[in-house]
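A quick write-up on the structure given underneath.
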Amino acid sequence: MTFASEMKLAFPLLLASLFCGCKPDPEGEDLSKLFYESITKHEEIVFKDSSNLGANRDGSILTLHFFPNSTARLYTWGNGFSNYSGTYAFTGHNGIELSLDDQSWPRLRLTREDDLFVLERQDGIKSLTNSYIHTDRENGVRTIVDDGDIYPEARPLIFPLIQRIEEAEPGRNGD
C-alpha cells in the first residue's frame, strides 16, 4: 500500500473519531486538580447516594461532604440520623480514600459525568454494607456491621454517589 492510499483510509477514520462525540478515557485524566479547583471555589462539594429511598428532601439516604482542607463529613438519614467526620486523600488513578470516625468505607474512584463529579467504588460494587464499626462498650471488641441508619433496601443502591448541585437561595448573589 502506498502512503497516499493509507492516508485516504486514515482520513475518514480520523474525521469519524472527531465527530462521534466520544469522551476521552476518564481513567487517563487526573481529576484531582479539577476537584481541588472546584472545592476551593465553592468551599464544599456534596455527593448524594443513588438510592432515592432516603428521608432527605432530595431522596438521598446519605450525603458525603468534602471540604478544601482534606476533611470530609458523612450524614445519613433513614432509621435515624448520624454524622461522621474524617479526612480524605487522593490516591493514584483518581482514587480517593476516606478515613471517617466509626466508618470503614471502600476505596472510591472519582469520575465525571457531564459537568458533575461522580464517586464510585473502585471494585464496581453498587452497595454499601459492613460500613459501620461497632465497638462493644464492655469489652472494647470492634466489629464491622451494617449502618443501622441506612435502610436495608437502600444499601444495594448507594453507589454511584453523584455530586449534588445546591439550589440558589433567594436573596443570594444580589437576587
Side-chain angles (χ1 to χ4, degrees), residues 25-137 140-166:
D25 177 17
E27 291 185 25
E29 181 183 4
D30 181 11
L31 297 174
S32 62
K33 182 178 178 190
L34 187 59
F35 185 85
Y36 283 127
E37 288 172 357
S38 182
I39 206 167
T40 300
K41 178 180 178 184
H42 299 288
E43 298 179 7
E44 177 182 31
I45 295 178
V46 180
F47 291 86
K48 70 181 199 88
D49 69 275
S50 294
S51 74
N52 290 317
L53 295 173
N56 198 5
R57 68 174 196 249
D58 62 4
S60 64
I61 199 159
L62 69 82
T63 56
L64 184 58
H65 301 244
F66 290 86
F67 301 97
N69 57 356
S70 296
T71 60
R73 196 152 191 85
L74 172 70
Y75 297 93
T76 59
W77 294 265
N79 292 323
F81 172 77
S82 296
N83 67 80
Y84 308 92
S85 58
T87 60
Y88 67 92
F90 273 92
T91 62
H93 306 298
N94 295 317
I96 294 182
E97 278 187 16
L98 287 175
S99 177
L100 298 167
D101 299 338
D102 295 325
Q103 291 282 313
S104 176
W105 268 55
R107 291 179 181 238
L108 304 175
R109 179 183 308 113
L110 182 68
T111 63
R112 294 271 293 173
E113 191 171 297
D114 298 320
D115 291 335
L116 299 177
F117 289 110
V118 175
L119 282 173
E120 56 192 20
R121 288 180 61 151
Q122 285 186 3
D123 58 15
I125 296 173
K126 303 234 181 251
S127 65
L128 182 63
T129 57
N130 296 326
S131 62
Y132 181 75
I133 303 171
H134 173 74
T135 305
D136 188 300
R137 294 184 194 267
V141 173
R142 297 168 53 108
T143 54
I144 299 176
V145 297
D146 288 336
D147 188 325
D149 288 336
I150 298 175
Y151 301 132
E153 59 272 18
R155 286 186 197 122
L157 306 170
I158 297 297
F159 291 97
L161 302 178
I162 310 293
Q163 181 182 2
R164 183 171 75 187
I165 302 300
E166 300 294 327

Is it true that, when you exclude Asp136 itself, more than 12 heavy atoms of the residues, nucleotides or ligands shown sit nearer than 6.0 Å to its CG?
yes

Exam field: side chain [X] to backbone [Y], donor-acceptor pair closer than 3.5 Å:
X: Asp114; Y: Leu116; answer: no
X: Asn79; Y: Gly148; answer: yes
X: Arg109; Y: Gln122; answer: yes
X: Thr40; Y: Tyr36; answer: yes
X: Asp49; Y: Ile61; answer: yes
X: Asn94; Y: Glu29; answer: yes

Given side chains that start at C-beta, do those of Tyr75 and His65 come closer than 4.5 Å, heavy atoms only?
yes

Side-chain heavy atoms of Thr63 within contact of Val46, under 4.5 Å
yes

[X] [atom1] to [Y] [atom2] distance, which is reported to the nearest 0.5 Å:
X: Glu43; Y: Ser38; atom1: CD; atom2: OG; answer: 11.5 Å
X: Leu62; Y: Ile158; atom1: CG; atom2: CD1; answer: 5.0 Å
X: Asp149; Y: Tyr151; atom1: CG; atom2: OH; answer: 9.5 Å

Minimum heavy-atom separation for Arg121 and Ser127, please, with both atom names.
NH1-O, 2.7 Å

Between Tyr88 and Ala72, what is the shortest heavy-atom contact and its length?
CD2-CB, 4.1 Å

For the pair Trp77 and Phe81, name the ring-plane relationship: parallel under 30°, tilted 30 to 60°, perpendicular over 60°.
tilted

Do the rings of Phe35 and Phe47 sit parallel, tilted or perpendicular, given the 30° and 60° boundaries?
parallel

Would you verify whether the NZ or CZ of Arg112 falls within 45 degrees of the ring axis of Phe117 while also being under 6.0 Å from that six-membered ring's centre?
yes

Dump the intermediate steps for side-chain hydrogen bond (donor to acceptor under 3.5 Å, both in side chains) on Asp147 and Ser131, then the final yes or no.
CA-CA 6 Å; Asp147 188 325; Ser131 62; 4.9 Å; no

Distance alone, cut at 3.5 Å: any donor-acceptor contact between the side chains of Asp146 and Thr129?
no

